[in-house]
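Scroll down for the structure; my scribbles are underneath it.
First listed ligand is number 1; within each ligand, the first listed atom is number 1.
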Amino acid sequence: MEEFSKRRAALANQLQNNSVSILFSAQLQIRNGDAEYPFRQQSDFYYLSGFPEPEAVLVLSKDDKGDLLFILFNRTHDLEAEVWTGKRVGQEGACKEYNADESHDIQQIDNIMPQILANKAIIYQVMGRCTEQDQKIQIWLETAKKRLATKQRSELNKIVSAPDTIIDLAPIIHEMRLFKSIEEINNMRKAAEISAQAHLKLMQQCKPGLFEYQLEAIFNAHCLDQGCRGLAYNSIVAGGNNSCTLHYTSNDQKLMVGDLVLVDAGGEYNNYAADITRTYPINGKFTQEQKQIYNLVLQAQLAGIEQVRPGNLWDSVQNIMLEIIVKGLVELDIMRGKVKDLIHEQAYKQFYMHSSGHWLGMDVHDVGRYKTQGNWRPFEPGMVLTVEPGIYISKYNSKVDPKWHGIGVRIEDDILVTNDGHEVLSASAPKKVAEIESARN
Ligand code: GLY
Ligand code: MN
Ligand code: MN
């Protein structure tokens with residue numbers, strides 16, 4: 001819990017005195033009837049509290065001397081409810097186990113929050129995430145103002161005021177989340193390692209006749225068996241031409257001899273994501289055409305990963321990968337023209353239509369800006385990103401020789417920026433042609 005206290009203190013250093021910061025937990029979501037989706041804590045809320053329950057609000061109150069009070073509103077003990085849904089942390093637990101200075105029953109929040117806001121100058125909140133939450137804060141502010149007006153009339157000598165400034169808290173927390181601590185890196189290493197081993201298992205067990213969801217089942221089982229409590233996002237298990245649909249998730253088709261399968265899947269460990277893609281032949285052996293496209297994507301990915309080191313700009317990864325992919329597609333006679341022109345005109349977008357990757361952390365597409373003051377930002381130690389080039393040649397692309405049809409390849413790894421370069425967190429999932437072909441049992 002010390003890690004969470006440190007984060008609150010680091011955040012508080014960036015907040016103005018005389019302010020109140022408000023952050024809501026995630027809410028339980030109904031799947032159907034009275035059945036709920038598995039609960040996953042809101043990432044910003046978890047980052048600052050480690051608190052695992054829904055129906056909670058975190059408040060950081062900073063006084064005019066700069067002293068910080070951590071107040072948690074959370075569910076109170078309810079023995080009857082706890083028989084059904086398990087033990088709650090309660091108010092004492094919030095203080096003892098989660099280092100809250102004060103904890104109140106969430107049912108009391110509408111009464112207590114206006115008191116907390118009174119005589120403060122600034123509210124920090126995450127703006128525009130949820131209308132209901134934005135409205136709640138407005139109502140607390142309104143109530144605070146009304147109460148203060150009454151007080152002003154009855155105690156004429158007292159100068160009282162309510163906050164008159166609202167500042168978005170998200171960019172401040174998100175800049176912090178972009179730089180991973182040792183503890184966070186350890187969680188990400190674990191998520192990546194478990195997921196990489198799961199990918200290896202799929203490669204070994206893949207065979208024609210299986211349904212895509214059967215590979216998905218092996219992936220899920222391995223991740224959960226190794227301590228992930230869930231997956232970081234909906235797995236993509238795409239055989240044959242399905243691999244050309246970037247976010248294919250129906251995963252309900254049969255895997256056919258002679259096709260490739262693209263598996264984009266990652267486990268979530270202690271709320272930290274892995275995001276890994278491997279593509280391989282369903283019957284264990286690449287065809288000539290599959291191998292040519294595969295090796296082109298691999299060459300691009302390896303060159304892209306090489307760009308990841310402190311000081312290099314975010315777009316250096318995509319720039320080098322585009323050069324390689326477009327040059328390769330011209331050499332294979334899949335594209336025609338000058339490499340420079342094809343890049344300038346973005347003609348490659350019919351085969352490679354996404355960016356080089358994204359930040360990775362508690363969210364699979366993690367928070368943090370890619371540009372500062374209009375310029376691509378340089379890599380810095382502690383950032384984690386994916387590098388994930390692809391080439392997708394749909395069977396519906398009539399401009400291309402049919403021998404390439406249905407070949408969709410993406411290779412995706414999770415990369416930590418280190419002091420002197422990078423570390424590939426997902427390195428143990430094979431990706432060289434020879435390694436993949438020999439992985440099959
Ligand atoms: N799994 C989604 C992505 O690769 O961005
Ligand atoms: Mn990704
Ligand atoms: Mn992915």
In E412, the N, O or S atom nearest to the Mn ion (ligand 2) is which? OE2
Say whether, by atom type as modelled, one donor and one acceptor occur between the side chain of R88 and the main chain of H77 under 3.5 angstrom. no
Salt bridge or not for K136 and E132, using N-O below 4.0 Å? no
Within reach of ligand 1, part of D275 (heavy-atom separation under 4.0 Å): side chain
Geometric class of the Y294/F286 ring pair [parallel <30°, tilted 30-60°, perpendicular >60°]: tilted
Confirm or rule out an N/O/S atom of H358, from backbone or side chain, lying less than 2.8 Å from the Mn ion (ligand 2). yes
Ligand 1 to H247 polar contact by distance, N or O atoms, under 3.5 Å: no
Electrostatic pair R7:E3 at N-O distance under 4.0 angstrom: yes
If only side-chain N and O atoms count, and only distance matters, is there a donor-acceptor pair under 3.5 Å linking Y392 with N397? no
I'd like to check which ligand 1 atoms, numbered from 1 as shown, lie under 4.0 Å from a non-hydrogen atom of H358. 3 (C), 4 (O), 5 (O)
Determine which of the N, O or S atoms in D275 is closest to the Mn ion (ligand 2) and give its atom name. OD2
Charged N-O contact under 4.0 Å between D101 and R8: no
Restricting to N, O or S atoms of E388, which is nearest to the Mn ion (ligand 2)? OE2
Checking the side chain of E388 only, and the main-chain atoms of D413 only, is there a donor and an acceptor separated by less than 3.5 Å? no
What atoms in ligand 1 come closer than 4.0 Å to a heavy atom of E412? 4 (O)
Report the member of H354, H365, R410 with the shortest heavy-atom distance to atom 5 (O) of ligand 1. H365
Using a strict cut-off of 4.0 Å, indicate which atoms of ligand 1 neighbour a heavy atom of Y233. 1 (N)
